[in-house]
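Data first, discussion second: the structure below is written as structure tokens.
Basis for what follows: all heavy atoms, side chains included, without hydrogens, waters or symmetry-related copies. Only a predicted model underlies this, so the values are computations on that prediction, with no experimental measurement involved.
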Amino acid sequence: MRKFFVKNEDIKDGIARINGDDAHHIINVLRFKIGTKLIISNGKNQYIVTILDIENSSVILKIIEEYNQVVESPINITLYQGLPKSDKMDLIIQKCTEIGIKKIVPVETEFSTIKIKEKNIYNKINRWKKISLESSKQSGRSIVPDVLVPVGFKDALESLNEFDLCLIPYEKETNMRLKDVLKKNFDAKNICVFIGPEGGFSENEIMAAIEYGAIPVTLGPRILRTETAGIVTSSIILYELGDLG
């Protein structure tokens, strides 16, 4: 069954409504008919529904039952991703959504080539949110990971007190292995990961992160690209502490 996300206000008295692009996709691309079963999610609850009626720009659904399959990890990972070049952020958001990350925060760092004040930054944010939504549908997530407005590195550090554990992979760190840190923090539930852009983090940024409580870790003897590091780090965390693997 295909999955779609709906707003909470579009579910009432056992009836739900899908509007906009998703309705267009159901009607004109998938060509689903009355009686077709779907799964919908409001970001908290999931339901099995059947198509009750199809209007010009809306699909009316009847809720059959609640869908109780658990698909979300017990580990909440927030990725603070240094703004990379080109369309690399698209790939990062897509794959991190697939594996189970809960939130993605783009960060302007010392070596970022994309800047927060760029004229088209909000166009990028809208595209990133759409990628998160589409990837959530594809991977069967029950929530859509939020992609926030980009922040400065210092502003990102000031949110570290919200987390049980904060990790920052760093190519110059050779002793502190990620898996060793996770073994010592096996009860951590809210974790953040800082990933640098193409040029990595400056030494001043690493020192500042340490002052705020972040732990520099090594991912191994090979240096990973920015679009690889966040995916690998999050996968290891979810394997060691969560539900991956």
Side-chain angles (χ1 to χ4, degrees), residues 75-86 88-89 91-93 95-96 99-118 121 124 128 145-242:
I75 305 301
N76 301 310
I77 298 178
T78 297
L79 174 66
Y80 288 91
Q81 173 65 50
L83 284 164
K85 298 177 183 177
S86 186
K88 293 177 182 178
M89 196 70 172
L91 175 67
I92 292 167
I93 292 170
K95 299 308 177 186
C96 286
I99 64 175
I101 278 182
K102 300 294 176 62
K103 186 185 296 184
I104 299 166
V105 186
V107 181
E108 182 181 328
T109 69
E110 187 174 332
F111 298 143
S112 294
T113 56
I114 295 177
K115 302 300 180 183
I116 293 173
K117 294 182 180 180
E118 284 191 12
I121 193 68
K124 292 179 184 291
W128 295 337
D146 199 7
V147 182
L148 302 189
V149 174
V151 299
F153 185 72
K154 187 175 185 300
D155 291 332
L157 291 181
E158 290 177 351
S159 66
L160 261 59
N161 59 1
E162 302 173 8
F163 301 96
D164 304 325
L165 178 65
C166 184
L167 303 165
I168 184 164
Y170 183 45
E171 65 272 15
K172 292 184 179 180
E173 175 59 50
T174 57
N175 296 319
M176 189 69 74
R177 299 189 303 173
L178 172 59
K179 60 183 179 181
D180 292 336
V181 174
L182 293 175
K183 286 178 181 178
K184 295 177 182 178
N185 294 273
F186 63 92
D187 57 346
K189 298 297 181 185
N190 297 304
I191 300 173
C192 71
V193 176
F194 275 75
I195 300 295
E198 286 83 358
F201 290 112
S202 69
E203 291 190 10
N204 287 337
E205 286 173 329
I206 292 295
M207 294 304 297
I210 292 172
E211 289 180 6
Y212 276 87
I215 302 174
V217 295
T218 176
L219 301 178
R222 293 166 294 281
I223 296 176
L224 303 181
R225 297 170 69 97
T226 183
E227 64 268 34
T228 308
I231 300 169
V232 168
T233 304
S234 301
S235 298
I236 293 171
I237 294 170
L238 291 172
Y239 174 78
E240 292 287 344
L241 305 181

Next item on the list: Starting at CD1 of Ile195, measure out to CZ of Phe201 and round the result to the nearest 0.5 Å.
Entry: 7.0 Å
Check: Can you find a pair of side-chain heavy atoms, one from Thr109 and one from Ser112, that are under 4.5 Å apart?
Finding: yes
Margin query: To the closest 0.5 Å, what do you measure between SG (Cys166) and OH (Tyr80)?
Written below: 7.5 Å
Notebook entry, point to check: For Tyr212, does the OH atom sit with more than 12 other heavy atoms under 6.0 Å from it, leaving out its own atoms?
Noted result: yes
Note to self: With a 4.5 Å cut-off on side-chain heavy atoms, are Phe194 and Leu160 touching?
What the structure shows: yes
Item checked: Asp180 versus Arg177, closest heavy-atom pair with distance -> OD2-NE, 2.9 Å
Check: Any side-chain heavy atom of Val107 within less than 4.5 Å of one from Asp155?
Finding: no
Which donor-acceptor pairs under 3.5 Å do the side chains of residues 182-190 make with protein atoms, sequence neighbours left out?
| residue | atom | partner | partner atom | Å |
| --- | --- | --- | --- | --- |
| Asn185 | ND2 | Val181 | O | 2.8 |
| Asn190 | OD1 | Asn76 | ND2 | 2.9 |

Check: Roughly how far, to the nearest 0.5 Å, is OG1 of Thr113 from CD of Glu108?
Finding: 10.0 Å
Checklist line | Minimum-distance pair of heavy atoms, taken over all atoms of Pro150 and Leu83 | finding: CB-CD1, 4.3 Å
Checklist line | Heavy atoms from other residues, nucleotides or ligands near CD of Glu158 exceed 12 (cutoff 6.0 Å) | finding: yes
Check: Considering all heavy atoms of both residues, which atom of Trp128 and which atom of Pro106 are nearest to each other, and what is their separation?
Finding: CZ3-CG, 3.7 Å
Item checked: Spacing of CD1 belonging to Ile75 relative to CD1 belonging to Ile101, to within rounding of 0.5 Å -> 12.5 Å
Next item on the list: Mark yes when over 12 heavy atoms from residues, nucleotides or ligands other than Lys88 sit less than 6.0 Å from its NZ; otherwise mark no.
Entry: yes
Margin query: If you define the side chain from C-beta out and look only at heavy atoms, does anything of Leu165 sit under 4.5 Å from Ile237?
Written below: no
Next item on the list: Would you indicate whether Ile210, at its atom CD1, is surrounded by more than 12 heavy atoms from other residues, nucleotides or ligands within a distance under 6.0 Å?
Entry: yes
Notebook entry, point to check: Does any N or O in the side chain of Glu173 come within less than 3.5 Å of the main-chain N or O of Asn175, such that one atom is a donor and the other an acceptor?
Noted result: yes
Note to self: Measuring from atom CD of Glu205 to atom OH of Tyr170, what distance do you get when rounded to the nearest 0.5 angstrom?
What the structure shows: 9.5 Å
Check: Under a 4.5 Å cut-off applied to non-hydrogen side-chain atoms, are Lys124 and Met89 in contact?
Finding: no
Notebook entry, point to check: If you take all heavy atoms of Pro84 and Ile114, which pair is closest and at what distance?
Noted result: O-CD1, 2.9 Å
Note to self: Considering only residues two or more places apart or on different chains, which pairs with a residue in residues 215-227 satisfy side-chain hydrogen bond (donor to acceptor under 3.5 Å, both in side chains)?
What the structure shows: Gln81-Thr226, Arg225-Glu227
Item checked: Considering all heavy atoms, the nearest Leu79-Gly230 contact -> CD1-CA, 4.3 Å
Check: Could you state the interatomic distance from CD1 (Ile168) to CD1 (Ile206), rounded to the nearest 0.5 Å?
Finding: 3.5 Å
